[in-house]
Every structure is written in structure tokens, then in C-alpha cells.
Visitor: 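Here it is, the structure in full.
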Amino acid sequence: MTAPASKAPRYIAHRGLSARAPENTLAAVQAAYDAGCEWVELDVQLLGDGTPVIWHDAGIKRCSDGRGKLVKLDAESAAKLDAGSWFGAQYRGEAMATLEAMLALIQRLGMGLNLELKVCRGRNAIELVQAALPPTLEALPAEKLIVSSFDRHALTAARALESDPDRLRLGVLDDKAPKRWWLETERLSAYSLHLDWRKLKIKRAQEIADEEIKLFCYTANDPVTFEKLWDWGVDGVISDDPTRFVVHAGEAAARASETKSA
């Protein structure tokens with residue numbers, strides 16, 4: 001049995017508005033909101049002391065002024081990192097966001113959240129779910145939350161923690177849907193599939209569209225190239241800059257209106 005159908009978010013800002021601000025930071029989410037985005041996609045992991053933080057990589061070098069593995073940090077040492085200046089001088093001093101701080105911001109802004117449970121090699125999926133999911137469910141209403149993961153242990157643990165698909169909407173992340181994709185979505189009472197748009201085929205997309213499963217595609221940044229996927233039945237796009245898609249859609253609608261009135 002799958003989760004009941006509901007209106008899906010059309011545009012989701014990948015790691016916040018990551019085209020314009022340092023990914024997975026409070027600044028990136030604020031930038032998304034300021035640009036008119038209603039939903040963001042963010043990654044959550046655990047520090048070595050069990051603190052849930054918004055972070056994508058196993059290491060900290062790419063997106064901070066530090067080095068080493070995330071698992072080697074505790075909350076005190078993580079708070080000292082500069083997670084913004086790598087992107088631009090105007091973001092110097094931007095902190096690594098804790099899940100607690102991020103949920104407070106999203107709640108205040110009234111945004112929707114696609115939270116990805118990021119399980120890097122050697123990390124414990126169950127511990128991540130137990131630490132990150134309860135406060136997230138408490139902070140956000142069901143219609144403003146999708147929890148996704150590539151890791152099936154994390155998804156299984158999440159469904160065990162909250163069995164009601166109306167209360168917890170799960171998203172199955174994969175690069176492309178397997179031939180028997182419905183087995184996984186049924187087992188998890190999943191709400192959605194999240195697939196790499198470059199690997200999506202029209203036949204598979206239409207199969208999914210015929211069922212009560214929402215289909216999101218990541219990470220697309222060219223609305224012109226992506227346009228045909230809407231006709232395939234894709235529900236939403238996860239993009240570094242969703243505003244490009246909004247502008248493109250507006251321009252297409254204006255052209256259609258002019259043609260109709262001509």
C-alpha cells in the first residue's frame with residue numbers, strides 16, 4: 001500500500017538556493033525563501049557526538065575551512081568552522097547548521113522540507129534516524145515534509161518509527177528506477193521516487209505517473225532541456241536554482257497566451 005496522493009511541490013531548492021549561497025546553510029535556505037522558493041532539499045548527518053547537522057559530504061574540506069571527517073567533530077568544534085567563505089566573502093563566518101537551528105528557521109519561514117537522510121560509508125543509519133527524525137516530525141506538519149534517502153536501512157527504520165504514511169511521507173532515492181520499482185515503494189508505503197533526471201526514460205516515468213507515487217527528479221538546472229519531462233508525468237524538480245524554472249514557465253505561459261489571443 002502506498003501513501004495517499006497529495007499535491008506535490010513543483011520546485012525544490014537543492015541544498016537551499018545553492019546556486020547563490022553556500023549549500024546546506026541557514027543562508028542558503030534564507031536565500032531560497034527570499035527568491036520565492038517554497039521548498040528546500042537538505043542533507044542531515046550526525047557529528048561524532050551524535051548531534052544532527054545539515055551537511056552533505058563525509059568530510060568537511062570542500063565546504064568549510066576545516067579538514068578531516070565529519071565523524072571526528074563534536075558540536076563545539078563544528079561550531080568554530082567557517083562554512084561560508086569558500087562560496088563567497090559575503091558569507092564569511094557562516095556556521096555549519098545544526099538540524100535544530102535549521103528546523104527553527106524553516107518553521108519560522110513556513111517552508112517545506114525534503115530532508116535527505118545521508119548515510120555515508122561506515123555510518124549507522126539507525127542512529128541517524130533516531131536522532132534526526134523525531135525532532136523533524138515534531139517541528140513540521142506532514143504536508144510540509146518529505147524524508148528521503150538512498151539508504152534502504154534508513155528508510156526502513158524511518159517507517160518503523162512512524163508507520164503512518166499520512167504522518168511521514170517517505171521518498172525513495174535512486175539514480176534510476178529498477179524494473180520492479182513498485183516493490184520498494186509498496187514495502188515502505190512510500191510517497192515518492194527521487195531519480196536522476198538524466199537517466200529517466202519516458203516509459204518508466206509514465207509507469208510511475210500511472211500510480212499513486214510522486215516523481216521528483218534531481219538535480220536539473222536547465223529548464224529548456226528538462227521541459228519534456230513534465231509531459232512524461234514528472235511532479236517536481238530539485239534544482240540548484242528553481243527560479244530559472246519559474247521564469248521559464250512564466251515565459252512559456254505568456255507565449256501561449258499571446259498565441260491564443262492572436
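Hydrogens, waters and symmetry mates play no part in the numbers below; they use all other heavy atoms, side chains included.
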Visitor: Do other residues, nucleotides or ligands put more than 12 heavy atoms under 6.0 Å from the CD atom of Gln206?
Guide: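 Yes.
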Visitor: Between Ser77 and Asp74 (side chain of the first, backbone of the second, donor and acceptor by atom type, cut-off under 3.5 Å), is there such a pair?
Guide: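 Answer holds: yes.
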Visitor: Please assess Thr136 against Leu99 for the test side chain to side chain contact (heavy atoms under 4.5 Å, CB included), listing each intermediate value before the final yes or no.
Guide: CA-CA 8 Å; Thr136 303; Leu99 175 63; 3.8 Å; yes
Visitor: Supply the atom-to-atom distance Leu145 CG to Leu103 CG, rounded to the nearest 0.5 angstrom.
Guide: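 Answer rounded to 0.5 Å: 9.0 Å.
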Visitor: Kindly give the heavy-atom pair with the smallest separation between Ala8 and Lys214, and that separation in Å.
Guide: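 Ala8 and Lys214 have their closest heavy atoms at CB-CD, 3.9 Å.
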Visitor: Are Trp232 and Ile213 connected, step by step, through hydrophobic side chains (Ile, Leu, Val, Met, Phe, Trp, Tyr) whose heavy atoms are closer than 4.5 Å?
Guide: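 Per the 4.5 Å side-chain linkage, Trp232 and Ile213 are co-clustered.
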Visitor: Could I get the full list of side-chain hydrogen bond (donor to acceptor under 3.5 Å, both in side chains) partners for Glu38, not counting sequence neighbours?
Guide: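 With neighbours one apart ignored, the set is empty.
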Visitor: Hey, is Asp196 close enough to Lys176 for a salt bridge, meaning N to O under 4.0 Å?
Guide: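 Not counted as a salt bridge, because no side-chain N and carboxylate O are separated by less than 4.0 Å.
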Visitor: Report the distance from atom CG of Leu73 to atom OG1 of Thr51, rounding to the nearest 0.5 Å.
Guide: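 Going from CG on Leu73 over to OG1 on Thr51, the span is 10.5 Å.
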Visitor: Is any side-chain heavy atom of Leu128 less than 4.5 Å from a side-chain heavy atom of Val44?
Guide: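 Counting from C-beta outward, Leu128 and Val44 do come under 4.5 Å.
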Visitor: Should we count CZ of Arg198 as having more than 12 external heavy atoms under 6.0 Å?
Guide: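 No, because the 6.0 Å sphere around CZ of Arg198 holds 12 heavy atoms or fewer from other groups.
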Visitor: Side chain to side chain contact (heavy atoms under 4.5 Å, CB included) for Phe216 and Asn114? Distances and angles first, verdict last.
Guide: CA-CA 11 Å; Phe216 300 103; Asn114 173 191; over 6 Å; no
Visitor: Tell me, yes or no, whether the heavy-atom count around Arg180 atom CZ, taken from other residues, nucleotides or ligands under 6.0 Å, exceeds 12.
Guide: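 Atom CZ in Arg180 is not crowded, with 12 or fewer foreign heavy atoms closer than 6.0 Å.
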Visitor: Could you tell me whether the side chain of Arg204 reaches within less than 4.5 Å of the side chain of Lys179, counting heavy atoms only?
Guide: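 The answer is yes, as the side chains (C-beta and beyond) meet within the 4.5 Å cut-off.
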Visitor: For Glu138, is the CD atom crowded, meaning more than 12 foreign heavy atoms sit under 6.0 Å from it?
Guide: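 Result for CD/Glu138: open.
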Visitor: So, taking the atom named CG in Asp43 and the one named CD in Glu116, what distance separates them when rounded to the nearest 0.5 Å?
Guide: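 Taking CG in Asp43 and CD in Glu116, the distance rounds to 4.5 Å.
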Visitor: Using a strict threshold of under 4.0 Å (side-chain N to carboxylate O), is an ion pair present between Arg152 and Asp174?
Guide: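 Yes.
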Visitor: Mind checking whether Leu47 and Trp55 have side chains closer than 4.5 Å, heavy atoms only?
Guide: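 They are not in side-chain contact.
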Visitor: How many angstroms lie between OG in Ser148 and CG in Asp151, if you round to the nearest 0.5 Å?
Guide: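 CG of Asp151 is found 11.5 Å from OG of Ser148.
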Visitor: Does any N or O in the side chain of Arg169 come within less than 3.5 Å of the main-chain N or O of Ile146, such that one atom is a donor and the other an acceptor?
Guide: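 Flag not set: sc Arg169 to bb Ile146 has no pair under 3.5 Å.
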Visitor: Can Asp241 and Ser239 be counted as having a side-chain donor-acceptor contact under 3.5 angstrom?
Guide: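 Checked: Asp241/Ser239 side chains show no N/O donor-acceptor pair below 3.5 Å.
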Visitor: For residues Arg244 and Asn221, determine if any side-chain heavy atom of one lies less than 4.5 Å from a side-chain heavy atom of the other.
Guide: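 SC-SC contact between Arg244 and Asn221 confirmed.
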Visitor: Give me the atom names and distance for the closest heavy-atom approach of Tyr218 to Asp175.
Guide: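 Tyr218 and Asp175 have their closest heavy atoms at OH-CA, 3.4 Å.
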Visitor: Of all residues at least two apart in sequence or in a different chain, which pass the side-chain hydrogen bond (donor to acceptor under 3.5 Å, both in side chains) check with Thr25?
Guide: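 Partners of Thr25 by the side-chain hydrogen bond (donor to acceptor under 3.5 Å, both in side chains) criterion come out as none, since no residue qualifies.
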Visitor: Please examine the side chains of Leu70 and Asp57, heavy atoms only from C-beta on, and report whether any two atoms are closer than 4.5 Å.
Guide: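 Not touching, per the 4.5 Å side-chain cut-off.
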Visitor: Quick check: does any side chain N or O of Glu162 sit under 3.5 Å from a backbone N or O of Leu168, one acting as donor and the other as acceptor?
Guide: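 No; zero donor-acceptor contacts below 3.5 Å.
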Visitor: Is there a path of hydrophobic side-chain contacts, each under 4.5 Å between heavy atoms of I/L/V/M/F/W/Y residues, joining Leu183 to Leu170?
Guide: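 Yes, because Leu170 and Leu183 connect within a single hydrophobic cluster, where side-chain heavy atoms sit under 4.5 Å apart.
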Visitor: With no hydrogens and no angle check, just 3.5 Å: does a side-chain donor-acceptor pair link Asp240 and His14?
Guide: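 Side-chain D/A pair, Asp240 to His14: present.
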Visitor: Where do Leu117 and Ser149 come nearest, in terms of heavy atoms and distance?
Guide: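 For Leu117 versus Ser149, the nearest heavy atoms are O-OG, 2.8 Å.
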Visitor: Do you see a donor-acceptor pair shorter than 3.5 Å between the side chains of Arg187 and Thr156?
Guide: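 Note: Arg187 and Thr156 side chains meet the donor-acceptor criterion.
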Visitor: What is the distance from atom OG of Ser189 to atom CG of Asp164, rounded to the nearest 0.5 Å?
Guide: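 Reported to 0.5 Å precision, the distance equals 9.5 Å.
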Visitor: What class does the angle between the rings of Phe245 and Phe226 fall in, given that below 30° is parallel, 30 to 60° is tilted and above 60° is perpendicular?
Guide: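 Phe245 and Phe226: perpendicular rings.
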Visitor: Any chance you could lay out the side chain to side chain contact (heavy atoms under 4.5 Å, CB included) test for Ile106 and Leu42, step after step, and finish with the verdict?
Guide: CA-CA 11 Å; Ile106 290 173; Leu42 302 168; 3.9 Å; yes
Visitor: With a 3.5 Å distance limit and no angle check, can you tell me whether Arg67 reaches the backbone of Ile60 through a side-chain donor-acceptor pair?
Guide: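 The answer is no, because no donor-acceptor pair under 3.5 Å joins these two groups.
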Visitor: Would you say Cys63 and Glu23 make side-chain contact, with heavy atoms under 4.5 Å?
Guide: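 Result yes, sub-4.5 Å side-chain heavy-atom pair found.
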Visitor: Search all heavy atoms of Ala75 against all heavy atoms of Asp49 and return the closest pair with its distance.
Guide: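 That closest heavy-atom pairing would be N-OD2, 2.9 Å.
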Visitor: For Glu251, check side-chain contact (heavy atoms from CB on, under 4.5 Å) against everything at least two apart and list the hits.
Guide: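 Partners of Glu251 by the side-chain contact (heavy atoms from CB on, under 4.5 Å) criterion, ordered by chain and then number, come out as Val247, Arg255.
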Visitor: Which of parallel (below 30°), tilted (30 to 60°) and perpendicular (above 60°) describes Trp230 and Tyr11?
Guide: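 Correct class here is perpendicular.
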Visitor: Can you name the nearest heavy-atom pair linking Ala13 to Ala32, along with the distance?
Guide: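 Here Ala13 and Ala32 meet closest at CB-CB, 4.1 Å.
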Visitor: Would you give the length of the straight line joining atom CD of Gln45 to atom NZ of Lys118, rounded to the nearest 0.5 angstrom?
Guide: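 Nearest 0.5 Å value for the CD-NZ distance: 7.5 Å.
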Visitor: Start with the C-alpha gap between Leu215 and Leu195, add the side-chain angles, then the distance that decides, and say whether side chain to side chain contact (heavy atoms under 4.5 Å, CB included) holds.
Guide: CA-CA 8 Å; Leu215 175 58; Leu195 306 176; 3.7 Å; yes
Visitor: Is the shortest side-chain heavy-atom distance between Trp86 and Pro22 below 4.5 Å?
Guide: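 Contact flag for Trp86/Pro22 side chains = yes.
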Visitor: Keeping to residues at least two apart or across chains, list the ring-ring contact (aromatic ring centres under 6.0 Å, His included) pairs with something in residues 148-187.
Guide: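 Not a single pair qualifies under ring-ring contact (aromatic ring centres under 6.0 Å, His included).
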Visitor: Would you say Ile238 and Tyr191 are hydrophobically clustered, going by side-chain heavy atoms of ILVMFWY under 4.5 Å?
Guide: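 Yes; tracing contacts between hydrophobic side chains, which count when under 4.5 Å, links both residues.
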Visitor: Is there a path of hydrophobic side-chain contacts, each under 4.5 Å between heavy atoms of I, L, V, M, F, W or Y residues, that connects Phe87 with Leu17?
Guide: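 The answer is no; the residues belong to distinct hydrophobic clusters.
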Visitor: What residue among Val234, Thr219, Thr225 forms side-chain contact (heavy atoms from CB on, under 4.5 Å) with Trp197?
Guide: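 Single pass found, and it is Thr225.
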Visitor: Partners of Glu227 by side-chain hydrogen bond (donor to acceptor under 3.5 Å, both in side chains), sequence neighbours excluded?
Guide: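 Applying side-chain hydrogen bond (donor to acceptor under 3.5 Å, both in side chains) to Glu227 gives His248.
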Visitor: With the side chain counted from C-beta on, respond yes when Ile126 and Gln130 share a heavy-atom pair under 4.5 Å apart, and no when they do not.
Guide: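 Yes, close enough: below the 4.5 Å cut-off.
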Visitor: For Arg123 versus Leu46, what's the shortest heavy-atom pair and its separation?
Guide: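 Closest heavy-atom pair between Arg123 and Leu46: NH2-O, 2.8 Å.
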Visitor: Tell me if a side-chain donor or acceptor on Lys144 pairs with a main-chain N or O of Gly110 at a distance below 3.5 Å.
Guide: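 Present.
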Visitor: Among Val53, Leu26, Asn24, Leu113, which one satisfies side-chain contact (heavy atoms from CB on, under 4.5 Å) with Met102?
Guide: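 Answer after filtering Val53, Leu26, Asn24, Leu113: Leu26.
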Visitor: Any side-chain donor paired with an acceptor under 3.5 Å for Asp65 and Ser85?
Guide: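 No, no side-chain donor-acceptor pair sits under 3.5 Å.
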Visitor: Got a sec, which residues hit side-chain contact (heavy atoms from CB on, under 4.5 Å) with Leu109, two or more places apart in sequence or on another chain?
Guide: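 For Leu109 the side-chain contact (heavy atoms from CB on, under 4.5 Å) partners, ignoring immediate neighbours, are Val29, Gln30, Tyr33, Leu105, Met111.
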